[in-house]
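Computed from heavy atoms alone, side chains included, the values below leave out hydrogens, waters and symmetry copies.
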Amino acid sequence: MNLYIVTLILLIVIAPILTSFIKSLKMILLFKQPASLFQGYRNISKLLKKETIVSHESSQITRVAPFLVLSPLLITLLFLPPVMHESSYINFVDAFTITGLISLSTFFLMLIGLDSASGFGGMGSSREAFISALAEPAMVLTIFAISMIANNLGISEASKNLSHNFPQEHMASFIFAGISFFILLLAENGRIPVDNPETHLELTMVHEAMILDLTGFYLMLVEVASSIKFIIFASLFASLFMPFGIEFSAPLALLIFIIKLFLIATIVALIEVNVAKLRLFKVPDLLGIAIVFAFLSLITFYILGA
């Protein structure tokens, strides 16, 4: 139980650092002065000091929704696969539970954009709905595929099975599912090539367009939710598709897990520096690739047994 609490605290603490690390690495690769790894915490502190202003055109949704954006993601943290032995408290959680909670958070974020009564907020919400409608089925298929490969529908047990007895005979299915999930990691977190988290150009914004009218404490909640969402996807990828390290002692397993998270963040930063953002109507092609790889994983597993 103590290890379980330590894991949760670690994930919450490291979430802003991980997103700051991506920004810092991108700046280094672009030959710019890198930001501090603690810039995320500085931004949180800055937003807490700012006045919270709500438009007269907005309803109570704008005041309540930021809490509801963050809450499902905090609950999802409870269901993540174990980082080390005995660090998982809730065992049977399947693909539908994880996807449903993340989708619920996205739904309330879209409500914020619609409630702002601005053209940009509605535009961002409609784009987010467009992307989510394609990403969520692919996510269910991908997590279901890796669960079947691991011979257990529970996310935590699947991670343990992959770590202790990796099914090498199903390597092809495993790789297909991994490719699909990494595309979803980029799409669901609004990273390039699906969205640019650092842009403020109205014609290309998706996530930023929905939160343009938020300030102060409410904006801080949404920014924290964004960093926690990224670490949820990074943790799922590290546990399910990089299944090693859990068998070691607690300190070493924890260190290996942190290294895996920063390795994933490094790959994301490299992609963002070297790949251009896609046009909106090209995004379905990318998410279609994720769905195809998820189906290929299931078909290869069931029909070919590979």
In terms of heavy-atom contacts, M210 and S125 come closest through CG-N, 3.6 Å
Taking all non-hydrogen atoms of both residues, which atom of L236 and which atom of P81 are closest, and how far apart? CD2-CD, 3.7 Å
Of all heavy-atom pairs linking P167 and L162, the shortest is CD-CD2, 3.7 Å
What one should report as the nearest heavy-atom pair of T99 and A95 is OG1-O, 2.8 Å
Could you tell me whether the side chain of I17 reaches within less than 4.5 Å of the side chain of F262, counting heavy atoms only? yes
Using atom types as modelled and distance alone, determine if a side-chain donor or acceptor of S147 lies under 3.5 Å from a backbone N or O of I143. yes
Derivation of the side chain to side chain contact (heavy atoms under 4.5 Å, CB included) call for V268 and E272: CA-CA 6 Å; V268 171; E272 294 200 350; 4.0 Å; yes
Would you say I44 and E223 make side-chain contact, with heavy atoms under 4.5 Å? no
Working to the nearest 0.5 angstrom, can you tell me the gap between F130 CZ and L287 CG? 8.0 Å
If two hydrophobic side chains count as joined below 4.5 Å and joins carry through other members, does Y4 share a cluster with L77? yes
Measuring from atom CG of L80 to atom OG of S159, what distance do you get when rounded to the nearest 0.5 angstrom? 10.0 Å
Report yes if the side chains of F166 and N161 come closer than 4.5 Å at any heavy-atom pair, otherwise no. no
Hey, is the main chain of G154 close enough, under 3.5 Å, to the side chain of N152 for a donor-acceptor pair? yes
For T76 and I228, run side chain to side chain contact (heavy atoms under 4.5 Å, CB included): C-alpha distance rounded to whole Å, both residues' side-chain angles, the deciding distance at 0.1 Å, then the answer. CA-CA 10 Å; T76 306; I228 288 179; over 6 Å; no
Interatomic spacing from CD1 in I53 to OG1 in T62 - rounded to 0.5 Å: 13.5 Å
Report yes or no: do Q39 and S20 form a side-chain donor-acceptor pair below 3.5 Å? no
State, with a plain yes or no, whether a side-chain heavy atom of M148 is found less than 4.5 Å away from one of L153. yes
Would you compute the distance between atom CG of L70 and atom CE of M220 and round it to the nearest 0.5 angstrom? 8.5 Å
Using residues 238-251 as the side-chain source, report each donor-acceptor pair under 3.5 Å to any protein atom, sequence neighbours left out, with the distance given to one decimal.
| unit_1 | atom_1 | unit_2 | atom_2 | d |
| --- | --- | --- | --- | --- |
| S239 | OG | S235 | O | 3.0 |
| E247 | OE1 | S163 | OG | 3.2 |
| E247 | OE1 | G245 | N | 3.2 |

Between D115 (side chain) and L111 (backbone), is there a donor-acceptor pair under 3.5 Å? no
For residues I267 and V275: do they belong to one hydrophobic cluster (side chain heavy atoms under 4.5 Å, members Ile, Leu, Val, Met, Phe, Trp, Tyr)? yes
Assigning hydrophobic clusters by single linkage (Ile, Leu, Val, Met, Phe, Trp, Tyr; side-chain heavy-atom cutoff under 4.5 Å), is L47 placed with V13? yes
Report yes if some heavy atom in the side chain of L219 is under 4.5 Å from a heavy atom in the side chain of K50; otherwise report no. no
Over 12 non-hydrogen atoms of neighbours within 6.0 angstrom of CZ in F295: no
Would one find more than 12 heavy atoms of other residues, nucleotides or ligands at under 6.0 Å from atom CZ of F96? no
Determine, stepwise, if the pair F233 / I264 fulfils side chain to side chain contact (heavy atoms under 4.5 Å, CB included). CA-CA 10 Å; F233 276 87; I264 293 167; over 6 Å; no
One pair to check against side chain to side chain contact (heavy atoms under 4.5 Å, CB included): L278 and V194. What are the steps and the verdict? CA-CA 6 Å; L278 291 174; V194 176; 5.7 Å; no
Does atom NZ (K260) have a neighbourhood of more than 12 heavy atoms from anything else shown, all under 6.0 Å? yes
Would you list the atom pairs, donor with acceptor, under 3.5 Å between side chains in residues 174-188 and any protein atom, with sequence neighbours excluded?
| unit_1 | atom_1 | unit_2 | atom_2 | d |
| --- | --- | --- | --- | --- |
| S180 | OG | T142 | OG1 | 2.7 |
| S180 | OG | A290 | O | 2.8 |

Same cluster or not: M123 versus F281, using hydrophobic residues (I, L, V, M, F, W, Y) connected whenever any side-chain heavy atoms lie under 4.5 Å apart? no
Roughly how far, to the nearest 0.5 Å, is CG of L68 from CG of L73? 11.0 Å
Donor-acceptor pair, distance only, cut-off 3.5 Å: does the side chain of S297 make one with the backbone of F293? no
Mind checking whether T215 and E51 have side chains closer than 4.5 Å, heavy atoms only? no
Rounded to the nearest 0.5 angstrom, the CD1-OG1 distance for I12 and T7 is 11.0 Å
Using a 4.5 Å cut-off on heavy atoms from C-beta on, say whether the side chain of S105 contacts that of K229. no
Here the pair of heavy atoms bringing R42 nearest to S36 is NH1-CB, 3.7 Å
Could you check whether any side-chain heavy atom of D195 comes within less than 4.5 Å of a side-chain heavy atom of R191, counting everything from C-beta outward? no
If you group Ile, Leu, Val, Met, Phe, Trp and Tyr by side-chain heavy-atom gaps below 4.5 Å, do L114 and V222 land in one group? no
